[in-house]
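Residues take their numbers from the sequence shown, with the count starting at 1. What you see is a predicted model; the values in this text were computed from it and never measured.
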Amino acid sequence: KSCFNRVQYKPDNLLKTHIQYIIDNASTRKVIGKNALGLSANRIKSYITFRNIIEQYEQVIGHPIALTEITIAESR
């Protein structure tokens with residue numbers, strides 16, 4: 001965070017950038033049910049859908065989402 005606790009929106013700090021990195025670097029499995037490395041095609045589609053939802057939400061709130069802004073609520 002910068003002066004007055006403002007969040008800096010750098011490309012490497014954004015949630016959308018990290019989701020895109022996962023999509024770009026995911027090798028897909030060729031045979032379902034084998035012990036192969038990589039993500040299934042459906043899992044990659046799920047990441048793409050998640051990225052699109054995040055992009056739409058960023059348009060609504062008017063700024064990108066930085067990873068430093070994300071907090072996890074405590075469960076009781």
With the 4.5 Å side-chain cut-off for hydrophobic clustering, are Ile22 and Leu15 part of the same group? yes
Excluding sequence neighbours, so at least two apart, what forms side chain to side chain contact (heavy atoms under 4.5 Å, CB included) with Tyr21? Asn25
Minimum heavy-atom separation for Leu14 to His18, with atom names? O-CD2, 3.1 Å
Which heavy atom in Ile19 sits nearest to a heavy atom in Phe50, and how many Å separate them? CD1-CE2, 3.2 Å
To the closest 0.5 Å, what do you measure between CD (Glu69) and CG (Asn13)? 8.0 Å
Look at the side-chain heavy atoms of Ile, Leu, Val, Met, Phe, Trp and Tyr, link any pair under 4.5 Å apart, and say whether Leu67 and Ile54 land in one connected group. yes
For Gln20, the side-chain hydrogen bond (donor to acceptor under 3.5 Å, both in side chains) test, sequence neighbours excluded, returns Asp24, Arg51
Minimum side-chain heavy-atom gap Glu58-Ile65 below 4.5 Å: yes
